[in-house]
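Notes follow once the structure below has been shown.
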Amino acid sequence: MASAAVPIRAKQRPGDRVFSGSALAAGSTILILLAAVAIFLIAQGIPGVLAQPGDTVILGEKNFWDYVAPLAFGTLWAAALALLMATPLAIGIALFISHYAPRRLAQTLGYIIDLLAAVPSVVFGLWGGLVLAPLVRPAYAWLAENASWFPLFAGQASATGRTILTAAIVLAVMILPIMTAICREVFLQTPRLHEEAALALGSTRWEMIRMAVLPFGRAGIVSAAMLGLGRALGETMAVAMVLSPAAVISFIVIGSTNPNTIAANIALSFPEAFGTGVNVLIATGLVLFVVTFAVNAVARYVVNRRKEFSGAN
Amino acid sequence: MISKRSAGLAGLALVGALALTSCAANEGAADPGSTTGTGSEGGSLSGDLVGAGASSQGSAQEAWIAAFQGANPDVTVTYDPSGSGAGREAFLEGGVNFAGSDRAFDDEEIAAGGWAACAPDTDIVELPLYISPIAVIFNLEGVDTLNLDAATIAGIFAGTIANWNDPAIAALNEGVTLPDLAITPVHRSDDSGTTENFTDYLASAAPEVWTYEPDGVWPIESGEAAQGTTGVVDAVSGGNGTIGYADASRAGDLGTVAVQVGEEFVSYSPEAAAAIVDASPRVEGRSEGDIAIEIERTTQEAGVYPIVLVSYLIGCQEYQDAEVGALVKGYFSYIASEEGQQEAASSAGSAPISETLRGDIEAAIELIK
């Protein structure tokens, strides 16, 4: 504590210097990469943002903001729906693996979930378009007939099942593994003493989970959700292959006209884009970059604010 | 914990390895050198030829390149299917030796000139060498073929005709039992030459119903959308009461529409599709060798199928580098030849050009140097 203490300098060995140097280099590489991507997006995107209606076939009669608004909406809407479905499921699977399943089953299950993460998104896209869409079609028709009072199910049901809800289900399946893996790890970190204390006080297993595991894991659950959200926001191929898109802002999840996502729109429009059209698409990429950043920042803020009350200490 | 993690890692590595090997296997199969074919120039050519443009020609170009390189082992041809607009731009700027494009250069672009790859003050050649019929496909139980006229097709895709038992459809199809079922039109969600040609057909053949400009991007917000030809075909097959448009070669088992031309209904066929190019006038005021066609979608001529995509190969009449000129000439001659057209027909499902058109195109190719 004494401020006048003479600092003791440890002898620096070559290994120390090499390791700290390479760690520093690795750390700064990621910042440089991020900056390079940001600079590229801004430099190439500005002409797109400034493009006037009629400058390029992509914009048509709209200006850039009118063009990007439905896309940004669709991106957030699809990701939110996916998260809504995946979060409870991921927590459930993780709890089952960490606290309910017999050890052997838990290991196998964890392994299978990890495998799911290795499936490329095109495969999910194929599955979504060829298997899932025809499968959910009758359900959508039923919803349109019997639940059309609910705003999300209004209007006519899609005849092919390629709606934003189908895309969101595919996204949910895709983000499930990473979310489950993180939740599982966090739940397993719950201090044994907390759990045993809860049980000793006479709580059932569910009460123990509610009192000890979930509060401890809350920050971890949020970061798992954020990682999943990040993947859902940026997912391209699966959405492009499954969704039937249109340039609309619509909350209806079972109809034919769905808002497209930014990433899928870039994939669909880029092959034939040229001139200013390319800049417009890159500018939409910049919007996605900013949106993802903002979502992550908010999530981080939420996690940090809640940390003190998590009951983990 | 550790064992669980390493098991996961091992699984990842395994899947990764599988993915890698399968990639390699694919590339081996697509190796152009392994395909045998014969070009027309007899293997005397050598050098690199670079092209870019329309993705509609992509698979035909792959087949042409494989066969041409097989016959001319010292030649390397590359074609980047980066899109028509990008191809025209790259050709204009001299980045590529030839371009593939779903439309010819328009009059203003021709007047502006400035072809960077060409010798100064030379003209360009534009050759309609890839003709692909677009089929209107539908999925309706118990119905294999339907007769429709342009106004009805336009009404269906514009959403004004919304049920299969609509009187407009019934009037054209006597004796066919049409169900009381909503029509779901399916269009392309990506920017494509197929959409541009289809909307061009609707706009010129049914202007009072289809009031939108021809465009590569579907102009209205109605119906379903799906990615690429395969996506549309899948969506139409997977739905019920769906109708869409796609390259005819991919129509498969789906029902197809016979389109009214004059008094009769014409189903798509390679001959009927190729016939439209002969039945259509050339764009006026073009130089010799510039075979830009103004496709007459409203033609009344018998046996002509009007919904086609015509894609051009564009090159210089005189190249700055005579060797490049010889290469382009050899490559274009091969594509225009009967074998070349057959190759595209079998690999990409295009319609071989007619003998009349071949004569004109061969004359145009003779100008290249």
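Numbers restart at 1 for each chain; the letters A, B, ... are given by sequence-line order, proteins then strands. Worth saying up front: this structure is predicted, and the values here are computed from it rather than measured.
- Residues A:Ser244 and B:Ala225 share a closest heavy-atom pair of OG-N, 2.7 Å.
- Heavy-atom pairs under 4.5 Å with chain A were tallied for B:Gly216, B:Ala235, B:Ala86, B:Pro219; the largest tally goes to B:Ala235.
- Across A:Ala246, A:Pro134, A:Ala159, the residue that shares the most heavy-atom pairs under 4.5 angstrom with chain B is A:Ala159.
- Both the backbone and the side chain of B:Glu224 come within less than 4.5 Å of a heavy atom of chain A.
- With a 4.5 angstrom heavy-atom cutoff, A:Arg162 touches chain B via backbone and side-chain atoms both.
- Side-chain contact check for B:Thr242 versus A:Thr160: some heavy-atom pair is nearer than 4.5 Å.
- Both the backbone and the side chain of A:Ala247 have a heavy atom closer than 4.5 Å to some heavy atom of chain B.
- Looking at B:Ser84, both its backbone and its side chain come within 4.5 Å of chain A, counting heavy atoms on both sides.
- At a 4.5 Å heavy-atom cutoff, the contact between A:Leu243 and chain B is made by backbone atoms alone.
- In this structure, B:Gln227 and A:Leu268 approach most closely via the heavy-atom pair CG-CD2, 3.2 Å.
- Contacts between residues 100-113 of chain B and chain A, defined by a heavy-atom separation under 4.5 Å, are made by no residue at all.
- Taking chain B as the reference chain and counting heavy-atom pairs below 4.5 Å, the highest number among A:Ser158, A:Ala267, A:Ala181 is found for A:Ser158.
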